[in-house]
Amino acid sequence: MESSLPDLEAILLVGGQGTRLRPLTLGTPKPLLPTAGVPFLAHQLARARSFGVRRIVFATSYKAAMFEPVFGDGSAFGLSLEYMTEETPLGTGGAIRNAAQALGSGPDAPVLILNGDILSGHDIGDQVRTHVARQAAVTLHLTEVDDPTRFGCVPTDGDSRVTAFLEKTPNPVTNRINAGCYVFTRSVIDSIPAGEVVSVERQTFPGLIESGELVLGYADRTYWLDVGTPAALVQGSRDLVLGRLASPALPGPTGEFLALPGSLVSPEAKVLGGTVVGAGARVAAGATVTGSILLDGSEVGAGATVTDSVIGEGARIEPGAVVRDALIGDRAVVGPGNELQAGIRVWPDVELPECAVRYSSDV
């Protein structure tokens with residue numbers, strides 16, 4: 001097989017509600033949140049295309065109607081996109097089965113399954129070629145993490161065959177975890193019961209292993225990040241801007257910051273650490289912004305400090321305020337003298353008067 005996979009079809013799972021990212025996800029599904037200057041999924045679509053994927057079916061559920069206006073038929077990405085919606089959420093397996101109705105590939109063809117909240121630098125083409133060469137039922141991307149206790153772990157034998165799916169445990173048998181990118185043989189997807197709630201992790205994969213089917217692990221240690229939390233979303237955006245993970249969708253050169261059209265950064269401001277300054281956003285003189293996402297139309301006032309945070313659309317951080325590891329909702333106003341940190345979240349349209357919230361004394 002060639003290095004590119006011209007006929008490869010993919011299903012992209014984007015049905016989740018993104019509750020851990022509220023209030024950002026109150027109006028926007030997680031996969032559409034701006035990340036390094038473009039909707040998060042733009043990075044996944046561009047990467048999939050770089051490996052030869054040409055047709056992708058979106059498996060949508062939460063705020064399903066919001067995806068098509070952003071990505072359309074996919075032609076802007078050199079892709080053909082279809083949208084399949086679950087009226088009631090069907091779990092990972094049910095979502096894959098439902099979306100597969102829009103696939104054109106035959107029973108023996110490999111189908112790539114991507115999760116809409118993962119950033120990964122692994123070689124998708126190599127994963128697919130391994131799957132085809134070994135004639136596996138499913139091939140799972142496994143990533144090696146330093147602390148596997150927070151994840152279910154996936155042991156494999158010497159032949160890369162997956163031997164079990166273990167839930168989170170204080171004493172994991174391996175540091176390899178399910179990284180959320182699968183290659184299925186099409187006929188295996190068709191064997192998932194239609195219209196039912198099915199979990200691939202709890203039902204489909206263990207069932208295949210029990211019945212002796214070949215479930216392969218494709219393990220590596222390239223860049224991998226689950227962007228489920230505000231801190232992880234900020235980290236993913238930062239890593240893309242700094243070039244720690246290459247993305248064909250990045251709308252500018254890599255560097256200390258990415259300024260989108262119409263933004264204004266004072267020459268007396270310090271903006272660094274992979275920050276994104278959104279369209280029409282402003283950073284005033286004496287302000288310091290590090291490793292953060294400033295969404296469109298937001299403002300950081302003179303002498304204010306913003307670190308590792310997301311500042312919502314049209315939100316204002318007034319002069320001298322300090323915002324660290326925080327999530328500020330759209331149009332919120334953080335008055336002077338406030339000190340926000342430690343994962344605090346401010347809901348949209350909230351206005352904090354001067355010195356309303358502090359973590360230290362005012363001396």
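The model shown is predicted, which means the values in this text are computed figures rather than measured ones. Each residue takes its place number in the sequence, starting with 1.
With a 4.5 Å cut-off on side-chain heavy atoms, Ile311 and Val306 count as touching. The shortest distance between side-chain heavy atoms of Leu340 and Val322 does not fall below 4.5 Å. Side-chain contact between Thr185 and Val138: absent, with no pair of heavy atoms (C-beta onward) separated by less than 4.5 Å. Val300 is listed as a side-chain neighbour of Leu294, based on a closest heavy-atom distance under 4.5 Å. Residues Arg316 and Glu318 have side chains in contact (heavy-atom distance under 4.5 Å, counting atoms from C-beta outward). Annotation: side chain of Pro193 is not in contact with side chain of Arg97 (no heavy-atom distance under 4.5 Å). You'll find the side chain of Val162 reaches within 4.5 Å of the side chain of Leu140, heavy atoms only. Between Val111 and Ser105, the closest side-chain pair of non-hydrogen atoms falls below 4.5 Å.
At least one donor-acceptor pair closer than 3.5 Å links the side chain of Asp157 to the backbone N or O of Ser160. No side-chain donor-acceptor contact under 3.5 Å links Arg54 to the backbone of Glu9. The backbone N or O of Gly278 lies less than 3.5 Å from no partner atom in the side chain of Asp296, so there is not a single donor-acceptor pair. Under the 3.5 Å distance criterion, the side-chain polar atoms of Ser309 are matched with a main-chain donor or acceptor of Asp325. Side-chain N or O atoms of Asp330 include one that pairs as donor or acceptor with a backbone N or O of Glu313 at under 3.5 Å. Arg176 places no side-chain N or O within 3.5 Å of a backbone atom of Leu142 that could act as its donor or acceptor partner. A donor-acceptor pair under 3.5 Å is absent between the side-chain atoms of Gln203 and the main chain of Val200, judged by distance alone.
Grouping the Ile, Leu, Val, Met, Phe, Trp and Tyr side chains by contacts below 4.5 angstrom, directly or via other members, places Val334 with Ile344. Both Val132 and Leu8 sit in one connected hydrophobic cluster of ILVMFWY residues. Membership requires side-chain heavy atoms under 4.5 Å apart, directly or through other members. Residues Leu242 and Leu245 do not share a hydrophobic cluster, defined by chaining ILVMFWY side chains whose heavy atoms lie under 4.5 Å apart. In the hydrophobic cluster analysis, where Ile, Leu, Val, Met, Phe, Trp and Tyr join through side-chain heavy atoms closer than 4.5 angstrom, Ile56 is grouped together with Leu32. Residues Phe71 and Val53 are members of one and the same hydrophobic cluster, defined by side-chain heavy-atom contacts under 4.5 angstrom among Ile, Leu, Val, Met, Phe, Trp and Tyr.
Interatomic distance, Cys181 SG to Ile113 CD1, rounded to the nearest 0.5 Å: 9.0 Å. We find the OG1-NZ distance between Thr28 and Lys63 to be 8.0 Å, quoted to the nearest 0.5 Å. Here the OG-CZ distance, from Ser120 to Arg47, works out to 6.0 Å after rounding to the nearest 0.5 Å. The NZ atom of Lys30 sits 7.5 Å away from the OG1 atom of Thr19 when rounded to the nearest 0.5 Å. Interatomic distance, Phe67 CZ to Tyr62 OH, rounded to the nearest 0.5 Å: 10.0 Å. The CZ atom of Phe205 sits 14.5 Å away from the CD atom of Glu210 when rounded to the nearest 0.5 Å.
Donor-acceptor pairing under 3.5 Å is lacking for the side chains of Tyr218 and Asp123. With hydrogens and angles left out, the side-chain atoms of His122 and Thr222 include no donor and acceptor closer than 3.5 Å. In this structure, a donor-acceptor pair under 3.5 Å is present between the side chains of His141 and Asp220. Side-chain atoms of Gln127 and Thr139 form no donor-acceptor pair, as typed in the model, at a separation below 3.5 Å.
Nearest heavy atom pair, residue Leu119 against residue His43, reads CD2-CB, 4.3 Å. Residue Gly18 comes nearest to Thr25 through the heavy atom pair O-OG1, 2.8 Å, listed as atom of the first residue, atom of the second, then distance. Between Ala287 and Gly301 the shortest heavy-atom distance is CB-O, 3.5 Å. Tyr359 and Glu339 make their closest contact through N-OE1, 3.0 Å (heavy atoms, listed as atom of the first residue, atom of the second, distance). Closest of all the heavy-atom pairs between Ala100 and Ile189 is CB-CG2, 3.5 Å. In terms of heavy-atom proximity, Thr92 sits nearest to Ser199 at OG1-CA, 3.5 Å.
In the hydrophobic clustering (ILVMFWY side chains linked at under 4.5 Å, chained through shared members), Ile293 is joined by Leu21, Leu24, Leu33, Leu233, Val234, Leu295, Val310, Leu327. Residues Ile118, Phe151, Ile177, Trp224 make up the rest of the hydrophobic cluster containing Val145, defined by ILVMFWY side-chain heavy atoms closer than 4.5 Å, directly or through other members.
Note on Arg134 versus Asp159: salt bridge recorded, some NZ/NE/NH1/NH2 to OD/OE distance being below 4.0 Å. Taking 4.0 Å as the cut-off between side-chain N and carboxylate O, Arg20 and Asp117 do not count as a salt-bridged pair.
Checked against side-chain hydrogen bond (donor to acceptor under 3.5 Å, both in side chains), Arg202 has no partners two or more places apart in sequence or in another chain. In this view, Thr163 satisfies the side-chain hydrogen bond (donor to acceptor under 3.5 Å, both in side chains) rule with no residue, not counting sequence neighbours.
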* **side-chain hydrogen bond (donor to acceptor under 3.5 Å, both in side chains) evaluation trace for Glu213 with Ser211** => CA-CA 6 Å; Glu213 296 280 346; Ser211 63; 4.8 Å; no

* To do: Apply the test side chain to side chain contact (heavy atoms under 4.5 Å, CB included) to residues Phe58 and Leu45: give CA-CA distance (whole Å), side-chain angles for both, the deciding distance (0.1 Å), then the verdict.
  => CA-CA 11 Å; Phe58 278 54; Leu45 296 180; 4.2 Å; yes

* To do: Check step by step if side chain to side chain contact (heavy atoms under 4.5 Å, CB included) holds for Val323 and Thr305.
  => CA-CA 6 Å; Val323 178; Thr305 302; over 6 Å; no

* Kindly indicate, with the supporting measurements, whether the criterion side chain to side chain contact (heavy atoms under 4.5 Å, CB included) is fulfilled by Thr143 and Arg221. => CA-CA 6 Å; Thr143 189; Arg221 287 207 75 142; over 6 Å; no

* Asked: How far apart are the C-alpha atoms of Val227 and Thr35, what are their side-chain angles, what is the distance that settles it, and do they pass the side chain to side chain contact (heavy atoms under 4.5 Å, CB included) test?
  -> CA-CA 10 Å; Val227 294; Thr35 311; 5.9 Å; no

Let me have the donor-acceptor pairs involving side chains of residues 72-87, under 3.5 Å, with sequence neighbours excluded, atom names and distances please.
residue : atom : partner : partner atom : Å
Asp73   : OD1  : Ser75   : N            : 2.9
Asp73   : OD1  : Ser75   : OG           : 2.7
Glu82   : OE2  : Arg55   : NH2          : 3.3
Tyr83   : OH   : Gly72   : N            : 3.4
Tyr83   : OH   : Gly72   : O            : 2.6
Thr85   : OG1  : Thr60   : OG1          : 2.8
Glu86   : OE1  : Leu90   : N            : 2.8

List, one per line, each side-chain donor-acceptor pair under 3.5 Å for residues 251-274, sequence neighbours excluded.
residue : atom : partner : partner atom : Å
Glu256  : OE1  : Gly273  : N            : 2.7
Ser263  : OG   : Leu260  : O            : 2.7
Ser266  : OG   : Glu268  : N            : 2.9

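Of the options Ile209, Thr156, Leu214, a side chain to side chain contact (heavy atoms under 4.5 Å, CB included) to Arg161 is made by Leu214 and by none of the others. Each of Thr290, Thr275, Asp308 was evaluated against Arg238; a single residue qualifies, Asp308, per the side-chain hydrogen bond (donor to acceptor under 3.5 Å, both in side chains) test.
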